[in-house]
Amino acid sequence: MGHTQSDSRKKNQLIEILEKQKQDLVVRFLKKQVEVEAGKDFTDKILSSLSSLFFLLNEELIVVQANQEFYCCLEYSAEDGEPLSLKQISGQKNFEIVKNALSKGEFNTLETSLCTRAGKEIPVTLKGSSYTTESGRVLHMLIASDRSDYQTMMTRMSEAQEQLIHSDRLASLGEMAAGIGHELTQPLNAILLYSRNCIKALENPLQNRSMLEGNLNIIIDRVNKATSIIRSLKNFGSKAPEELTGVNMNEILLNILEFLDSRLTLSDIHLHLELDETVPLVLGQEVKLEQVCLNLIQNAIQAMGKTERPVLTIKTGLQMGIDPETLEENQFVLTAIIDNGEGIDRAIQEKIFDPFFTTREVGTGMGLGLSIVDQIIREFSGVIKVKSSPGSGSCFSVLLPPHHKENQRKGI
Ligand code: ADP
(Lines give C-alpha, C1' and ligand atoms only; values in the text may rest on other atoms or scores of the structure.)
Protein backbone atom coordinates (compact mmCIF):
# COMPACT_ATOMS: atom_id res chain seq x y z
CA MET A 1 0.00 0.00 0.00
CA GLY A 2 2.93 2.26 1.06
CA HIS A 3 4.30 1.66 -2.41
CA THR A 4 1.07 2.86 -3.99
CA GLN A 5 1.02 5.99 -1.85
CA SER A 6 4.53 7.06 -2.79
CA ASP A 7 3.72 6.16 -6.36
CA SER A 8 0.72 8.43 -6.46
CA ARG A 9 2.70 11.26 -4.79
CA LYS A 10 5.38 10.91 -7.40
CA LYS A 11 2.70 10.88 -10.06
CA ASN A 12 1.19 14.04 -8.63
CA GLN A 13 4.57 15.68 -8.48
CA LEU A 14 5.18 14.71 -12.09
CA ILE A 15 1.80 16.07 -13.09
CA GLU A 16 2.62 19.28 -11.25
CA ILE A 17 5.96 19.56 -12.98
CA LEU A 18 4.41 18.79 -16.33
CA GLU A 19 1.63 21.25 -15.65
CA LYS A 20 4.18 23.91 -14.78
CA GLN A 21 6.23 23.09 -17.84
CA LYS A 22 3.09 23.27 -19.95
CA GLN A 23 2.28 26.67 -18.49
CA ASP A 24 5.83 27.80 -19.11
CA LEU A 25 5.58 26.59 -22.65
CA VAL A 26 2.26 28.35 -23.17
CA VAL A 27 3.67 31.55 -21.72
CA ARG A 28 6.78 31.23 -23.85
CA PHE A 29 4.68 30.43 -26.89
CA LEU A 30 2.38 33.36 -26.23
CA LYS A 31 5.33 35.63 -25.68
CA LYS A 32 6.87 34.43 -28.87
CA GLN A 33 3.58 34.96 -30.66
CA VAL A 34 3.34 38.49 -29.34
CA GLU A 35 6.90 39.08 -30.48
CA VAL A 36 6.14 37.63 -33.88
CA GLU A 37 2.94 39.65 -34.13
CA ALA A 38 4.83 42.78 -33.12
CA GLY A 39 7.48 41.96 -35.67
CA LYS A 40 4.84 41.34 -38.31
CA ASP A 41 3.12 44.59 -37.43
CA PHE A 42 6.42 46.33 -37.78
CA THR A 43 7.20 44.80 -41.17
CA ASP A 44 3.63 45.44 -42.31
CA LYS A 45 3.99 49.07 -41.34
CA ILE A 46 7.28 49.38 -43.21
CA LEU A 47 5.89 47.58 -46.22
CA SER A 48 2.76 49.67 -46.38
CA SER A 49 4.78 52.86 -46.18
CA LEU A 50 6.87 51.77 -49.14
CA SER A 51 5.93 53.57 -52.31
CA SER A 52 7.37 50.66 -54.22
CA LEU A 53 5.57 47.41 -54.88
CA PHE A 54 6.80 44.70 -52.50
CA PHE A 55 5.96 41.06 -52.91
CA LEU A 56 7.17 37.74 -51.63
CA LEU A 57 7.01 34.63 -53.80
CA ASN A 58 7.29 31.04 -52.67
CA GLU A 59 9.18 28.31 -54.48
CA GLU A 60 6.22 27.73 -56.80
CA LEU A 61 6.38 31.45 -57.66
CA ILE A 62 3.07 32.23 -56.02
CA VAL A 63 2.61 35.50 -54.12
CA VAL A 64 2.57 34.75 -50.38
CA GLN A 65 2.80 38.29 -49.09
CA ALA A 66 2.59 41.73 -50.68
CA ASN A 67 2.13 45.32 -49.58
CA GLN A 68 -0.84 47.59 -50.18
CA GLU A 69 0.89 49.43 -53.00
CA PHE A 70 1.26 46.14 -54.84
CA TYR A 71 -2.45 45.36 -54.65
CA CYS A 72 -3.42 48.92 -55.36
CA CYS A 73 -1.18 49.31 -58.39
CA LEU A 74 -2.00 45.95 -59.92
CA GLU A 75 -5.69 46.29 -59.09
CA TYR A 76 -5.95 43.09 -57.06
CA SER A 77 -7.31 42.74 -53.56
CA ALA A 78 -5.49 41.13 -50.66
CA GLU A 79 -8.85 39.80 -49.46
CA ASP A 80 -9.61 37.99 -52.72
CA GLY A 81 -7.88 34.91 -51.42
CA GLU A 82 -7.13 33.60 -54.88
CA PRO A 83 -3.46 32.73 -55.27
CA LEU A 84 -1.59 35.08 -57.53
CA SER A 85 1.18 33.67 -59.65
CA LEU A 86 4.25 35.43 -60.99
CA LYS A 87 3.11 34.48 -64.49
CA GLN A 88 -0.14 36.38 -63.90
CA ILE A 89 1.49 39.54 -62.65
CA SER A 90 4.47 39.59 -64.99
CA GLY A 91 2.61 38.54 -68.10
CA GLN A 92 3.70 35.68 -70.30
CA LYS A 93 6.22 37.84 -72.12
CA ASN A 94 8.26 38.79 -69.05
CA PHE A 95 7.72 35.67 -66.99
CA GLU A 96 10.74 33.79 -68.29
CA ILE A 97 12.97 36.86 -67.91
CA VAL A 98 11.99 37.38 -64.25
CA LYS A 99 12.18 33.68 -63.51
CA ASN A 100 15.61 33.53 -65.04
CA ALA A 101 16.76 36.49 -62.98
CA LEU A 102 15.39 34.87 -59.82
CA SER A 103 17.26 31.66 -60.50
CA LYS A 104 20.49 33.63 -60.15
CA GLY A 105 19.62 34.45 -56.54
CA GLU A 106 19.97 38.22 -56.62
CA PHE A 107 19.45 40.96 -59.18
CA ASN A 108 19.40 44.70 -58.90
CA THR A 109 17.81 46.50 -61.79
CA LEU A 110 15.70 44.56 -64.17
CA GLU A 111 13.67 46.84 -66.38
CA THR A 112 10.50 45.02 -67.15
CA SER A 113 6.79 45.46 -66.68
CA LEU A 114 4.01 44.06 -64.52
CA CYS A 115 0.44 43.46 -65.60
CA THR A 116 -2.62 44.78 -63.83
CA ARG A 117 -5.71 42.62 -63.43
CA ALA A 118 -7.14 44.40 -66.48
CA GLY A 119 -4.03 43.58 -68.50
CA LYS A 120 -2.51 47.05 -68.53
CA GLU A 121 1.29 47.02 -68.57
CA ILE A 122 3.08 49.01 -65.90
CA PRO A 123 6.75 49.63 -66.57
CA VAL A 124 8.85 48.87 -63.49
CA THR A 125 12.38 48.47 -62.30
CA LEU A 126 12.59 45.18 -60.43
CA LYS A 127 14.98 44.24 -57.64
CA GLY A 128 15.00 40.73 -56.30
CA SER A 129 16.70 38.42 -53.91
CA SER A 130 16.05 34.81 -52.97
CA TYR A 131 16.72 33.16 -49.65
CA THR A 132 16.07 29.89 -47.83
CA THR A 133 14.44 29.95 -44.39
CA GLU A 134 15.69 27.82 -41.45
CA SER A 135 12.99 25.32 -42.21
CA GLY A 136 14.30 25.00 -45.77
CA ARG A 137 11.58 27.08 -47.48
CA VAL A 138 12.74 29.03 -50.55
CA LEU A 139 11.35 32.58 -50.74
CA HIS A 140 11.87 35.26 -53.34
CA MET A 141 11.59 38.85 -52.22
CA LEU A 142 10.87 41.37 -54.96
CA ILE A 143 10.61 45.15 -54.99
CA ALA A 144 9.28 46.92 -58.07
CA SER A 145 9.49 50.68 -58.61
CA ASP A 146 6.86 52.11 -60.90
CA ARG A 147 8.50 53.77 -63.87
CA SER A 148 5.27 55.08 -65.45
CA ASP A 149 5.76 58.66 -64.25
CA TYR A 150 9.33 58.64 -65.39
CA GLN A 151 8.33 57.18 -68.72
CA THR A 152 5.50 59.65 -69.20
CA MET A 153 7.93 62.45 -68.39
CA MET A 154 10.51 61.08 -70.83
CA THR A 155 7.88 60.66 -73.56
CA ARG A 156 6.64 64.19 -72.94
CA MET A 157 10.18 65.53 -72.99
CA SER A 158 11.03 63.82 -76.23
CA GLU A 159 7.74 65.01 -77.76
CA ALA A 160 8.47 68.56 -76.62
CA GLN A 161 11.97 68.32 -77.99
CA GLU A 162 10.68 67.10 -81.34
CA GLN A 163 8.24 69.98 -81.45
CA LEU A 164 11.01 72.42 -80.63
CA ILE A 165 13.25 71.03 -83.33
CA HIS A 166 10.33 71.10 -85.72
CA SER A 167 9.31 74.67 -84.90
CA ASP A 168 12.94 75.74 -85.05
CA ARG A 169 13.25 74.25 -88.50
CA LEU A 170 9.94 75.78 -89.50
CA ALA A 171 10.99 79.16 -88.16
CA SER A 172 14.32 79.06 -90.00
CA LEU A 173 12.55 78.07 -93.19
CA GLY A 174 9.98 80.79 -92.60
CA GLU A 175 12.69 83.32 -91.83
CA MET A 176 14.49 82.53 -95.05
CA ALA A 177 11.31 82.56 -97.12
CA ALA A 178 10.06 85.73 -95.50
CA GLY A 179 13.44 87.41 -95.87
CA ILE A 180 13.67 86.53 -99.54
CA GLY A 181 10.08 87.58 -100.13
CA HIS A 182 10.51 90.86 -98.31
CA GLU A 183 13.64 91.85 -100.13
CA LEU A 184 12.82 90.64 -103.60
CA THR A 185 9.42 92.28 -103.81
CA GLN A 186 10.87 95.66 -104.66
CA PRO A 187 13.18 94.67 -107.55
CA LEU A 188 10.55 92.28 -108.90
CA ASN A 189 7.93 95.04 -108.87
CA ALA A 190 10.32 97.35 -110.64
CA ILE A 191 11.12 94.71 -113.26
CA LEU A 192 7.41 94.17 -113.85
CA LEU A 193 6.75 97.87 -114.15
CA TYR A 194 9.58 98.55 -116.58
CA SER A 195 8.81 95.45 -118.65
CA ARG A 196 5.22 96.60 -119.04
CA ASN A 197 6.52 100.00 -120.10
CA CYS A 198 8.72 98.28 -122.67
CA ILE A 199 5.80 96.34 -124.11
CA LYS A 200 3.83 99.55 -124.40
CA ALA A 201 6.78 101.35 -125.92
CA LEU A 202 7.11 98.56 -128.51
CA GLU A 203 3.94 99.84 -130.17
CA ASN A 204 6.19 102.48 -131.61
CA PRO A 205 9.67 101.05 -131.26
CA LEU A 206 11.57 103.47 -133.40
CA GLN A 207 10.26 106.53 -131.65
CA ASN A 208 10.69 105.00 -128.22
CA ARG A 209 14.10 103.46 -128.82
CA SER A 210 15.97 105.46 -126.18
CA MET A 211 13.19 104.91 -123.63
CA LEU A 212 13.26 101.18 -124.36
CA GLU A 213 17.01 101.13 -123.92
CA GLY A 214 16.73 103.02 -120.63
CA ASN A 215 14.03 100.68 -119.29
CA LEU A 216 15.95 97.57 -120.28
CA ASN A 217 19.03 98.90 -118.52
CA ILE A 218 16.99 99.50 -115.39
CA ILE A 219 15.64 95.94 -115.66
CA ILE A 220 19.18 94.57 -115.92
CA ASP A 221 20.15 96.67 -112.90
CA ARG A 222 17.22 95.35 -110.82
CA VAL A 223 17.98 91.75 -111.80
CA ASN A 224 21.54 92.32 -110.61
CA LYS A 225 20.22 93.75 -107.36
CA ALA A 226 17.95 90.74 -106.89
CA THR A 227 20.88 88.41 -107.52
CA SER A 228 22.98 90.19 -104.93
CA ILE A 229 20.10 90.02 -102.43
CA ILE A 230 19.84 86.29 -102.96
CA ARG A 231 23.60 86.01 -102.50
CA SER A 232 23.53 87.93 -99.24
CA LEU A 233 20.49 86.01 -98.03
CA LYS A 234 22.31 82.78 -98.74
CA ASN A 235 25.04 83.99 -96.40
CA PHE A 236 22.40 84.98 -93.90
CA GLY A 237 20.75 81.58 -94.10
CA SER A 238 23.95 79.63 -93.70
CA LYS A 239 24.62 79.23 -90.02
CA ALA A 240 28.40 79.44 -90.40
CA PRO A 241 29.41 81.87 -87.65
CA GLU A 242 30.66 85.00 -89.28
CA GLU A 243 33.23 87.12 -87.56
CA LEU A 244 32.03 90.23 -85.79
CA THR A 245 33.51 93.37 -87.25
CA GLY A 246 33.07 97.10 -86.91
CA VAL A 247 30.03 98.12 -88.95
CA ASN A 248 29.19 101.63 -90.04
CA MET A 249 25.45 102.09 -89.52
CA ASN A 250 25.37 105.27 -91.62
CA GLU A 251 26.77 103.41 -94.62
CA ILE A 252 24.31 100.61 -94.23
CA LEU A 253 21.39 103.04 -94.07
CA LEU A 254 22.57 104.94 -97.12
CA ASN A 255 22.97 101.72 -99.12
CA ILE A 256 19.50 100.59 -98.25
CA LEU A 257 17.99 103.98 -99.03
CA GLU A 258 19.62 103.87 -102.43
CA PHE A 259 18.18 100.44 -102.95
CA LEU A 260 14.73 101.62 -101.88
CA ASP A 261 15.00 104.91 -103.76
CA SER A 262 12.39 104.22 -106.42
CA ARG A 263 9.96 102.80 -103.88
CA LEU A 264 10.19 105.96 -101.77
CA THR A 265 9.66 108.12 -104.82
CA LEU A 266 6.79 105.96 -105.99
CA SER A 267 5.05 106.25 -102.61
CA ASP A 268 5.78 109.98 -102.45
CA ILE A 269 7.60 109.59 -99.15
CA HIS A 270 9.65 112.52 -97.95
CA LEU A 271 12.98 111.44 -96.50
CA HIS A 272 14.40 113.27 -93.54
CA LEU A 273 17.95 112.20 -92.68
CA GLU A 274 19.74 113.10 -89.46
CA LEU A 275 22.84 110.95 -89.65
CA ASP A 276 25.62 111.76 -87.17
CA GLU A 277 28.81 111.40 -89.20
CA THR A 278 30.95 111.05 -86.07
CA VAL A 279 29.06 108.09 -84.72
CA PRO A 280 31.36 105.16 -83.84
CA LEU A 281 31.18 101.80 -85.59
CA VAL A 282 29.13 99.07 -83.96
CA LEU A 283 30.29 95.51 -83.41
CA GLY A 284 28.22 93.19 -85.60
CA GLN A 285 27.82 91.69 -89.03
CA GLU A 286 27.03 93.85 -92.00
CA VAL A 287 24.57 91.47 -93.69
CA LYS A 288 22.53 91.02 -90.53
CA LEU A 289 22.46 94.71 -89.68
CA GLU A 290 21.38 95.41 -93.24
CA GLN A 291 18.51 93.02 -92.67
CA VAL A 292 17.60 94.90 -89.47
CA CYS A 293 17.48 98.30 -91.16
CA LEU A 294 15.74 97.01 -94.26
CA ASN A 295 12.98 95.34 -92.23
CA LEU A 296 12.42 98.43 -90.09
CA ILE A 297 12.36 100.80 -93.06
CA GLN A 298 10.05 98.55 -95.06
CA ASN A 299 7.67 98.35 -92.09
CA ALA A 300 7.75 102.15 -91.81
CA ILE A 301 6.95 102.51 -95.52
CA GLN A 302 4.09 100.04 -95.20
CA ALA A 303 2.73 101.88 -92.15
CA MET A 304 2.55 105.12 -94.15
CA GLY A 305 0.49 103.56 -96.97
CA LYS A 306 -2.53 105.70 -96.13
CA THR A 307 -0.70 108.74 -94.71
CA GLU A 308 -1.34 112.01 -96.51
CA ARG A 309 2.15 113.49 -96.18
CA PRO A 310 4.38 110.54 -95.38
CA VAL A 311 7.73 111.40 -93.83
CA LEU A 312 10.41 108.84 -93.10
CA THR A 313 12.94 110.13 -90.58
CA ILE A 314 16.18 108.24 -90.02
CA LYS A 315 18.58 109.26 -87.27
CA THR A 316 21.89 108.00 -85.97
CA GLY A 317 23.78 109.24 -82.94
CA LEU A 318 25.05 108.36 -79.50
CA GLN A 319 22.67 107.68 -76.65
CA MET A 320 22.93 106.46 -73.10
CA GLY A 321 21.21 103.16 -72.42
CA ILE A 322 21.18 100.19 -70.09
CA ASP A 323 23.45 97.35 -71.16
CA PRO A 324 21.21 94.24 -71.17
CA GLU A 325 24.12 92.05 -70.06
CA THR A 326 25.78 94.08 -67.30
CA LEU A 327 22.75 96.28 -66.46
CA GLU A 328 25.17 99.21 -66.36
CA GLU A 329 24.40 102.49 -68.03
CA ASN A 330 26.55 102.80 -71.14
CA GLN A 331 26.85 104.69 -74.33
CA PHE A 332 25.17 103.08 -77.36
CA VAL A 333 24.99 103.83 -81.04
CA LEU A 334 21.41 104.79 -81.79
CA THR A 335 19.69 104.12 -85.08
CA ALA A 336 16.14 105.41 -85.15
CA ILE A 337 13.58 104.73 -87.88
CA ILE A 338 10.64 107.07 -87.49
CA ASP A 339 7.47 107.24 -89.54
CA ASN A 340 4.29 109.27 -89.32
CA GLY A 341 2.12 106.33 -90.35
CA GLU A 342 -0.76 104.50 -88.72
CA GLY A 343 1.04 103.82 -85.42
CA ILE A 344 0.67 100.77 -83.23
CA ASP A 345 -2.08 100.15 -80.71
CA ARG A 346 -0.77 100.03 -77.13
CA ALA A 347 -2.33 96.59 -76.69
CA ILE A 348 -0.29 95.05 -79.48
CA GLN A 349 2.97 96.90 -78.92
CA GLU A 350 4.28 94.04 -76.77
CA LYS A 351 3.35 91.43 -79.32
CA ILE A 352 4.89 92.87 -82.45
CA PHE A 353 8.26 91.22 -81.75
CA ASP A 354 6.69 87.77 -81.38
CA PRO A 355 7.32 85.40 -84.28
CA PHE A 356 4.36 85.13 -86.64
CA PHE A 357 2.56 88.14 -85.14
CA THR A 358 1.17 90.24 -87.96
CA THR A 359 -1.72 92.60 -88.51
CA ARG A 360 -1.31 92.44 -92.23
CA GLU A 361 -3.76 90.71 -94.51
CA VAL A 362 -3.43 86.96 -94.90
CA GLY A 363 -0.67 86.19 -97.36
CA THR A 364 1.03 89.58 -97.20
CA GLY A 365 3.02 89.42 -93.97
CA MET A 366 4.50 86.46 -92.19
CA GLY A 367 5.03 88.38 -88.97
CA LEU A 368 8.68 87.39 -88.83
CA GLY A 369 10.34 90.69 -89.74
CA LEU A 370 10.51 92.18 -86.25
CA SER A 371 11.26 88.87 -84.57
CA ILE A 372 14.30 88.49 -86.83
CA VAL A 373 15.28 92.09 -86.08
CA ASP A 374 15.00 91.48 -82.35
CA GLN A 375 16.99 88.25 -82.58
CA ILE A 376 19.82 89.89 -84.50
CA ILE A 377 20.04 92.88 -82.17
CA ARG A 378 20.18 90.66 -79.10
CA GLU A 379 22.90 88.63 -80.77
CA PHE A 380 24.99 91.82 -80.94
CA SER A 381 24.21 92.72 -77.30
CA GLY A 382 21.87 95.48 -78.31
CA VAL A 383 18.30 96.47 -77.58
CA ILE A 384 15.35 97.62 -79.65
CA LYS A 385 12.62 99.88 -78.33
CA VAL A 386 9.41 101.10 -79.84
CA LYS A 387 7.45 104.26 -79.14
CA SER A 388 4.21 104.76 -80.94
CA SER A 389 0.93 106.53 -80.73
CA PRO A 390 -1.86 105.24 -82.93
CA GLY A 391 -2.64 107.61 -85.75
CA SER A 392 0.55 109.65 -85.53
CA GLY A 393 3.36 107.20 -86.19
CA SER A 394 6.04 105.02 -84.66
CA CYS A 395 9.66 105.28 -83.70
CA PHE A 396 11.85 102.16 -83.58
CA SER A 397 15.16 102.81 -81.77
CA VAL A 398 17.98 100.31 -82.14
CA LEU A 399 20.77 100.65 -79.58
CA LEU A 400 24.00 98.79 -80.30
CA PRO A 401 27.25 98.84 -78.31
CA PRO A 402 30.01 100.81 -80.04
CA HIS A 403 32.85 98.83 -81.52
CA HIS A 404 35.72 100.35 -79.50
CA LYS A 405 33.95 99.69 -76.21
CA GLU A 406 33.44 96.06 -77.09
CA ASN A 407 37.14 95.81 -77.83
CA GLN A 408 37.95 97.22 -74.41
CA ARG A 409 35.60 94.75 -72.77
CA LYS A 410 37.24 91.83 -74.54
CA GLY A 411 40.67 93.26 -73.84
CA ILE A 412 41.59 93.31 -77.53
P1 ADP B 1 4.98 91.64 -90.85
O2 ADP B 1 5.56 92.88 -91.44
O3 ADP B 1 5.18 90.44 -91.73
O4 ADP B 1 3.58 91.78 -90.36
P5 ADP B 1 6.70 92.24 -88.62
O6 ADP B 1 7.25 91.34 -87.55
O7 ADP B 1 7.70 93.02 -89.39
O8 ADP B 1 5.86 91.30 -89.55
O9 ADP B 1 5.68 93.22 -87.96
C10 ADP B 1 4.71 92.74 -87.08
C11 ADP B 1 3.58 93.74 -86.95
O12 ADP B 1 4.05 94.92 -86.29
C13 ADP B 1 3.00 94.27 -88.25
O14 ADP B 1 2.03 93.39 -88.75
C15 ADP B 1 2.43 95.61 -87.84
O16 ADP B 1 1.17 95.46 -87.23
C17 ADP B 1 3.35 96.06 -86.72
N18 ADP B 1 4.34 97.08 -87.17
C19 ADP B 1 5.65 96.88 -87.40
N20 ADP B 1 6.26 98.03 -87.74
C21 ADP B 1 5.31 98.99 -87.72
C22 ADP B 1 5.28 100.40 -87.98
N23 ADP B 1 6.39 101.08 -88.33
N24 ADP B 1 4.10 101.03 -87.84
C25 ADP B 1 2.98 100.38 -87.49
N26 ADP B 1 2.93 99.06 -87.22
C27 ADP B 1 4.07 98.37 -87.36
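Just follow the structure's listing: the first ligand is 1, and inside any ligand the first atom is 1.
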Residues Lys93, Glu121: salt bridge by 4.0 Å N-O rule
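Looking at Lys93 and Glu121, the cut-off is met.
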Sub-4.0 Å atoms of ligand 1 with respect to non-hydrogen atoms of [X]:
| X | value |
| --- | --- |
| Thr358 | 1 (P), 4 (O), 14 (O) |
| Ile352 | 6 (O), 10 (C), 12 (O), 17 (C) |
| Gly369 | 5 (P), 6 (O), 7 (O), 8 (O) |

Under the side-chain hydrogen bond (donor to acceptor under 3.5 Å, both in side chains) test, residues paired with Thr278 that sit two or more places apart: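 Residues passing side-chain hydrogen bond (donor to acceptor under 3.5 Å, both in side chains) with Thr278: Asp276.
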Taking everything shown except Glu329 itself, do over 12 heavy atoms lie less than 6.0 Å from its CD?
yes
Under 3.5 Å between some N or O of ligand 1 and some N or O of [X]?
| X | value |
| --- | --- |
| Gln302 | no |
| Ser371 | no |
| Thr359 | yes |

Proximity of Leu370 to ligand 1 by residue part, where a heavy atom lies under 4.0 Å: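 It is both backbone and side chain that touch ligand 1.
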**Q.** Under-4.0 Å heavy-atom contact with ligand 1, by part of Val373 that carries it
**A.**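 No part of Val373 comes within reach of ligand 1.
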Do any heavy atoms of [X] fall under 4.0 Å from ligand 1?
| X | result |
| --- | --- |
| Asn295 | no |
| Phe396 | yes |
| Ser394 | yes |

Notebook entry, point to check: When you measure from the side chain of Thr116 to the backbone N and O of Ala118, does any donor-acceptor pair fall under 3.5 Å?
Noted result: yes
Query raised in the report: Just by distance, do the side chain of Gln349 and the backbone of Ser388 share a donor-acceptor pair under 3.5 Å?
Result: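 Flag set: sc Gln349 to bb Ser388 pair under 3.5 Å.
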- Would you call the rings of Phe70 and Phe55 parallel, tilted or perpendicular, where under 30° means parallel and over 60° means perpendicular? tilted
Exercise. Who pairs with Glu106 by salt bridge (Lys or Arg N to Asp or Glu O under 4.0 Å), at least two apart in sequence or on another chain?
Worked result: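 For Glu106, no residue satisfies salt bridge (Lys or Arg N to Asp or Glu O under 4.0 Å) once neighbours in sequence are set aside.
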Residues Asn250 and Thr316: side-chain donor-acceptor under 3.5 angstrom:
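Side-chain D/A pair, Asn250 to Thr316: present.
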